[in-house]
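Report on the structure given below.
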Amino acid sequence: MAALSGLCSSSPSLKPTHDRVVIPLFRKSSLAFPTRSNSCSKLSVAGEVSADLSKTNSVGILKKAKQGALEKDPKALWRRYVDWLYQHKELGLYLDVSRIGFSDEFVAEMEPRFQAAFKAMEDLEKGAIANPDEGRMVGHYWLRNAKLAPKPILQVQIEKTLDAVCKFADGVISGKIKPPSSPEGRFTQILSVGIGGSALGPQFVAEALAPDNPPLKIRFIDNTDPGGIDHQIAQLGPELASTLVVVISKSGGTPETRNGLLEVQKAFREAGLDFSKQGVAITQENSLLDNTARIEGWVARFPMFDWVGGRTSEMSAVGLLPAALQGIDIREMLVGASMMDNATRSRVLKDNPAALLALCWYWACDGVGSKDMVILPYKDSLLLFSRYLQQLVMESLGKEFDLDGNRVNQGISVYGNKGSTDQHAYIQQLREGVHNFFVTFIEVLRDRPPGHDWELEPGVTCGDYLFGMLQGTRSALYANDRESVTVTVQEVTPRSVGALVALYERAVGLYASLVNINAYHQPGVEAGKKAAGEVLALQKRVLAVLNEASCKEPVEPLTLEEVAERCHAPEDIEMIYKIIEHMAANDRALIAEGDCGSPNSLKVFLGECNLDELYA
Ligand SMILES: O=P(O)(O)OC[C@H]1O[C@H](O)[C@H](O)[C@@H](O)[C@@H]1O
């Protein structure tokens with residue numbers, strides 16, 4: 001006789017740079033622009049593109065248009081670069097789409113679709129029910145310019161919340177709002193509990209913008225992994241007494257977040273601390289979380305609005321409160337986002353960076369997600385941008401049906417970490433292996449704050465290497481017909497991060513219109529949640545059946561088939577096996593005879609009989 005868990009486990013010199021002359025990059029107005037016909041000539045298939053793109057799936061057309069090789073002539077490529085370079089002067093942001101091979105004909109064919117997408121976006125911003133399945137408005141753009149909100153009450157809610165966030169963060173940082181029993185006499189740590197859209201934005205922004213010595217350091221519990229939760233709590237140690245726990249959940253009922261909260265509350269109890277004096281909730285009014293926080297009298301509650309989706313909530317209290325508590329200038333984030341919003345409202349494709357991105361995605365992915373989007377920021381602090389975009393893009397675009405109910409199985413896969421690190425990991429495959437992706441390089445021009453740089457070899461700094469790696473990889477990929485987009489910002493600042501978030505939010509919205517899908521719901525996520533609930537319900541039945549057999553005299557060990565039968569779930573025998581395997585690995589008083597490598601040989605019973613449960 002052996003516990004199943006046992007059977008299953010086998011195995012230079014400093015050189016200040018502040019006196020450099022700053023040369024503005026590529027001012028479009030100061031350059032004479034060549035015509036586009038030359039630069040795209042190899043791609044053009046004039047006359048062959050005839051179908052009505054606004055009504056048909058254009059993959060066939062795209063295939064024809066893409067038959068030509070990418071432009072390789074350096075002069076023509078330079079003209080293409082200059083011709084298509086987008087610059088946002090005030091933000092210091094550039095978008096280079098020259099290494100995506102779309103033709104002028106393709107752009108012309110897409111124009112009506114873009115005009116329709118711009119119109120849909122305008123309607124959305126005016127308060128249309130842009131998320132028809134859920135009957136919801138989509139209002140994340142109002143968060144950075146409350147005057148755009150379609151109703152005065154919404155404007156008031158946005159402004160009030162922003163003021164409340166700033167006031168609360170100031171109060172915490174200044175020590176006016178403090179924990180009851182911390183030796184420091186102020187909050188020193190934030191423990192953010194949330195998942196998906198209630199974690200990814202705050203995580204990305206913390207990594208990108210938190211100062212080296214923030215007033216409060218942040219940690220995240222973004223899963224229902226007991227090991228991960230224990231690790232975060234253990235790392236806090238005695239500082240739990242000075243930890244502000246920010247529980248974030250739009251719905252207020254997400255199981256992983258609820259579990260995280262219960263685990264943290266248990267840690268507080270065990271440390272003799274009063275959780276309510278250190279807990280903050282960000283959630284929709286009257287959600288389970290909101291009611292819990294209100295009844296238990298938590299330190300503060302901030303609203304999440306019905307018309308803001310989780311994955312576009314970075315500029316709501318969800319993203320702003322954690323950022324403000326770390327000393328990040330959230331008003332600057334909002335300014336950056338708002339400036340980008342203004343730019344991406346343009347109905348002129350070439351002047352609209354979000355539309356240009358959507359155009360590139362459509363071209364590169366044949367409008368059906370045939371290629372993956374690899375995000376490569378060459379800046380450590382932007383490491384989490386790809387993870388953030390993964391949800392934004394994939395949860396928004398990954399849809400089974402279009403708005404007319406046709407099965408389309410849309411989406412674009414997103415992955416990536418950072419350069420040049422990834423050059424030593426998977427760029428080999430990108431350069432030479434399966435050609436199933438396009439790259440987005442994120443370039444940050446400023447390497448270090450002024451006056452801190454030095455040349456580690458004559459004429460070359462550490463940052464020059466990073467720059468060289470980016471440019472080299474971009475060229476090497478293109479030489480092998482791998483397309484790329486490059487987004488360039490001057491520095492990673494609250495303003496540029498706000499702008500990047502807004503750029504991608506809009507690009508996703510426009511692209512969704514191009515492929516005629518609802519970007520603002522996530523029906524597929526429910527299937528997994530429902531199935532998880534069913535597994536847990538089955539586990540309870542398995543336990544009841546085993547308990548009954550284990551209360552017999554003598555104890556009656558059961559085969560998996562017998563357990564499944566008594567659970568009235570013969571079709572779930574595999575899941576029952578997995579449940580037993582998991583419980584046995586976790587000291588759940590479950591004993592198995594036989595070899596778990598041959599499930600049919602197993603006989604299972606509980607180490608103790610629970611009579612209370614038996615007669616309950
Ligand atoms: O904020 P919450 O309601 O807890 O939701 C957290 C996340 O849960 C989900 O499963 C959704 O697919 C995400 O879009 C959401 O961001």
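Both ligands and their constituent atoms are indexed starting at 1 by order of listing.
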Distance filter under 4.0 Å to Ser198 heavy atoms, resulting ligand 1 atoms: 1 (O), 2 (P)
Gln391 to ligand 1, any heavy atom closer than 4.0 Å: yes
Pair Asp402-Gln410, side-chain donor/acceptor within less than 3.5 Å: no
Geometric cation-pi criterion Arg506 and Tyr141, 6.0 Å radius, 45° cone: yes
For atom 11 (C) of ligand 1, the protein heavy atom that lies nearest, with its residue and separation: Glu395 OE2, 3.7 Å
Closest candidate by heavy atom, reference atom 3 (O) of ligand 1, pool Ser287, Ser313, Ser251: Ser251
Lys529 and ligand 1 - part of the residue with a heavy-atom distance under 4.0 Å: side chain
Glu483 versus Trp363, side-chain donor and acceptor atoms under 3.5 Å: yes
Asn131 and His521: side chain donor to acceptor below 3.5 Å: no
Atoms in ligand 1 with a heavy atom of Val525 nearer than 4.0 Å: 10 (O), 12 (O)
Contact partition for Gln522 relative to ligand 1, non-hydrogen atoms under 4.0 Å: side chain
Polar contact flag, side-chain donor to acceptor under 3.5 angstrom, Arg311-Ser396: yes
Atom 6 (C) of ligand 1 [closest protein heavy-atom partner, distance rounded to 0.1 Å]: Ile195 O, 3.3 Å
Separation of Ser249 OG from Met304 CE (nearest 0.5 Å): 8.5 Å
Shortest reach to atom 16 (O) of ligand 1 by a heavy atom, considering only Gly310, Pro255, Gly201, Gly197: Gly197
Thr188 versus Glu239, side-chain donor and acceptor atoms under 3.5 Å: yes
Residues Thr224 and Asn259: side-chain donor-acceptor under 3.5 angstrom: yes
Contact check: Thr257 vs ligand 1, nitrogen or oxygen atoms, below 3.5 angstrom: no
Atom 5 (O) of ligand 1: nearest protein contact (heavy atom, Å): Thr254 OG1, 3.5 Å
